[in-house]
Amino acid sequence: MSTAGLEAWAQAARLLGQHDPVAAAVLLDELEEQAEGLAEGRGEGSAVAVQIWSTVAGVAPDREGRIHDRVLDHVRTVWGEAPTLENVPLLTAVASLLARSRPVEAAAIVDVARMYVESVLMGGAPSLSASDAFHMEFGIRHTLTGLARALTDTGVPEEEARGILDPLLHALPGGPGDLSDPDDGQADEARSEVRLDEASVLLPMPAWSASATPLWLPDLVGALTRIDASHGTESLLGLCPTPADRARTHAAAALAQADLGLPEEARKHAFWAAEAADEDATEGSPSTVRGPDGAWAYAAQALACAGEGEAALDLLQQHSKPKDPGMKAAWRQADRLARIAVASGLAEQDPQTAGQLLLPMLDELHASRKAPRGAATLLGRFAALLPAETGLRHLDAGRFDQVRQAGLSNADTGDPTSWHPESVLVHALLRIGAGEDPGPQVNWLARDLGNRGPEHFPTAALAVVHAARGDIEAAAHVTELPMEEGTRAVALAAVAGHLARIPVRPVPGADPARTDPFTRTIQDLAMRVTSYVTADERTAARFLHLSLKSDGWYHALPVLARLEPEVVVRVRDIMAARVGAEGGPRSG
């Protein structure tokens, strides 16, 4: 249900509508059913439901009137049940949505939102509820930003809108603030913390419940461990209600301990991760446990990085090929990601075993290097093996070099109309590593980005390539393109991490809280080909601070641990406050 996913679904319905209206209607009906399910759950689901309804109305004008009626009914029901600051953003989002088709209703909704915010901030409310008090501390500036947008969308003149907002800004607990971005893009520490507070109420996680845990909890635990604040992680581990959550969180702690040169601590957490993964396998179904979302892969990577190669291999061997033909594609992808992650962890201490894990993938690339379709994507697939290059060269340097050269030859002489952006991105970095100008590749990528759009292109990877090339202005331009805020956050954090020279590891499995595997591959390769470059923490901080405005701010946790460790501690404190205020999840 990401913005990119909704756009893809809507585009499919739009294209189908020209040739198969019945099939298109089925797609749109399914979207509406999902929106209804989310709306029933209230909370953050309401905002997603409104986004889905908006998407459907945009694709199918014949449904617009009915859908807008439904949106109005929903927002009135939600507000009637709970007129709180937490639900003001829903009011303002609906007002912006209906501003064109239902201007009278939209203006009335904005007025309700304005009056409620004024009653809270200007002293009209007798006493704050627990919900409003919490929102005042952590989310009010975001709420005011949405109110400002809704006022403008519903036709309120700028001067009048400013007259409404200025008193509210001056009444904020922390004093007056500016809702616009700083001109120079360099926010100080205080502004960063404010943005982090705002972002904390936008986290893409389900409402607190006995079965919910923040998607980014493992990365928070890893960041706390890296800044030697792991004394607070025990309570965070108590927020993991399932074995899979515990496995990923212990695995993150193990990787951090390994990076810090603390092998005993790393082994301890790695084995705890393996125990939790085993429990997950016992309780879960084969389709989820051994599929792309299984916790076993994270435990296997942790064991490998902690020096327990044999135990890591045992976990991989347990991941057997499924008998169900429908699950084989997911199994292959999961197996591939897990093998790359484990091989990367073993590469330095046991290069032969690392090479043996990836040798079947090298054989596959070698066999496909002369096929037109295989050659066009060769470099992109080949780059994923580079974290374990030492091991592969140890076993078969000849075939490794043949695959590399075949990929480069196709990239240099092949038909540009058959190029794939992933391979061109790798080619650009390899040219940088060879001391050559990747201008032709970068120009092609810019055109392809324009054709596909940022949501359907490896946008974050391109931003990293610009940064590796030393073109910070171009990297910033890529992150400023219209795109989903989560995608933007990944790009900003990836550039910040490159500039701060923060190493990355392969992603062992599908994880919505982390960058995608290919972006990780590009980040790692960019670090390798620019090994002579020193860290530019000042410029990295500019990208880091911008990423904190987004609901995907948690992608920046590894960079925060390096550049602003005190903010990582603040994240933990914010989380503790949220759990205490809402009676958060408890481990079972």
Side-chain angles (χ1 to χ4, degrees), residues 3 6 32 35-36 38-39 42-125 129 131-132 135-136 139-172 176-180 198 201-202 482 485:
T3 299
L6 289 176
E32 288 198 54
E36 290 293 342
L38 289 164
R42 304 291 191 262
E44 295 174 3
S46 289
V48 181
V50 170
Q51 184 182 12
I52 296 174
W53 280 323
S54 175
T55 300
V56 174
V59 174
D62 58 310
R63 302 183 181 218
E64 183 181 78
R66 175 175 55 77
I67 287 176
H68 286 180
D69 285 340
R70 179 69 184 94
V71 170
L72 276 171
D73 179 66
H74 177 65
V75 74
R76 288 166 179 161
T77 300
V78 171
W79 188 252
E81 294 175 350
T84 63
L85 281 178
E86 184 180 12
N87 283 326
V88 168
L90 179 64
L91 294 178
T92 56
V94 170
S96 293
L97 168 63
L98 301 179
R100 179 184 57 81
S101 63
R102 309 284 179 89
V104 175
E105 290 93 335
I109 292 172
V110 171
D111 205 38
V112 170
R114 174 188 60 79
M115 288 190 294
Y116 188 82
V117 173
E118 287 177 345
S119 73
V120 174
L121 285 178
M122 308 300 288
S129 65
S131 173
D132 279 357
H135 197 82
M136 279 286 287
I140 188 61
R141 291 178 186 271
H142 168 72
T143 297
L144 291 182
T145 300
L147 178 60
R149 185 183 304 113
L151 287 168
T152 303
D153 289 344
T154 53
V156 176
E158 182 177 348
E159 185 175 347
E160 182 180 344
R162 178 55 59 185
I164 293 171
L165 292 167
D166 279 347
L168 300 176
L169 288 169
H170 281 81
L172 291 176
D178 186 2
L179 298 180
S180 61
E198 294 168 357
V201 300
L202 302 175
E485 284 303 299

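In plain terms, the two heavy atoms of A106 and A95 that are nearest each other are CB-O, 3.5 Å. Closest heavy-atom contact between G65 and R102: O-NH2, 3.2 Å. Minimum interatomic distance between V110 and A150 (heavy atoms only, all atoms of both residues): CG2-CB, 3.9 Å. Looking at every heavy atom in both residues, W53 comes nearest to A39 through CH2-CB, 3.8 Å. Residues A171 and M122 share a closest heavy-atom pair of CB-SD, 4.0 Å. Heavy atoms only, all atoms of each residue included: T143 and P89 are closest at OG1-CG, 3.8 Å.
Between V88 and L147, every side-chain heavy-atom pair lies at or beyond the 4.5 Å cut-off. Inter-residue side-chain proximity for R162 and L169 is flagged as met; some heavy-atom pair is nearer than 4.5 Å.
Taken to the nearest 0.5 Å, the CD atom of E160 stands 10.5 Å off from the CG atom of L165. A distance of 6.5 Å separates OG in S54 from NE2 in H68, rounded to the nearest 0.5 Å. D69 CG to S101 OG: the interatomic distance, rounded to the nearest 0.5 Å, is 9.5 Å. Here the straight-line distance linking atom CG of L97 with atom OG1 of T92 works out to 11.5 Å at 0.5 Å rounding.
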Given side chain to side chain contact (heavy atoms under 4.5 Å, CB included), test E118 with L168 step by step and report yes or no. CA-CA 7 Å; E118 287 177 345; L168 300 176; 3.7 Å; yes
Go through the steps to decide whether D73 and R76 satisfy the test salt bridge (Lys or Arg N to Asp or Glu O under 4.0 Å), and finish with yes or no. CA-CA 5 Å; D73 179 66; R76 288 166 179 161; over 6 Å; no
Quick one: do I109 and L72 satisfy side chain to side chain contact (heavy atoms under 4.5 Å, CB included)? Show the steps, please. CA-CA 9 Å; I109 292 172; L72 276 171; 3.7 Å; yes
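Remark: E32 pairs with V56, R63, R66, I67 by the side chain to side chain contact (heavy atoms under 4.5 Å, CB included) rule, at least two apart or across chains.
Side chain of H170 to backbone of D166: a donor-acceptor contact under 3.5 angstrom is found.
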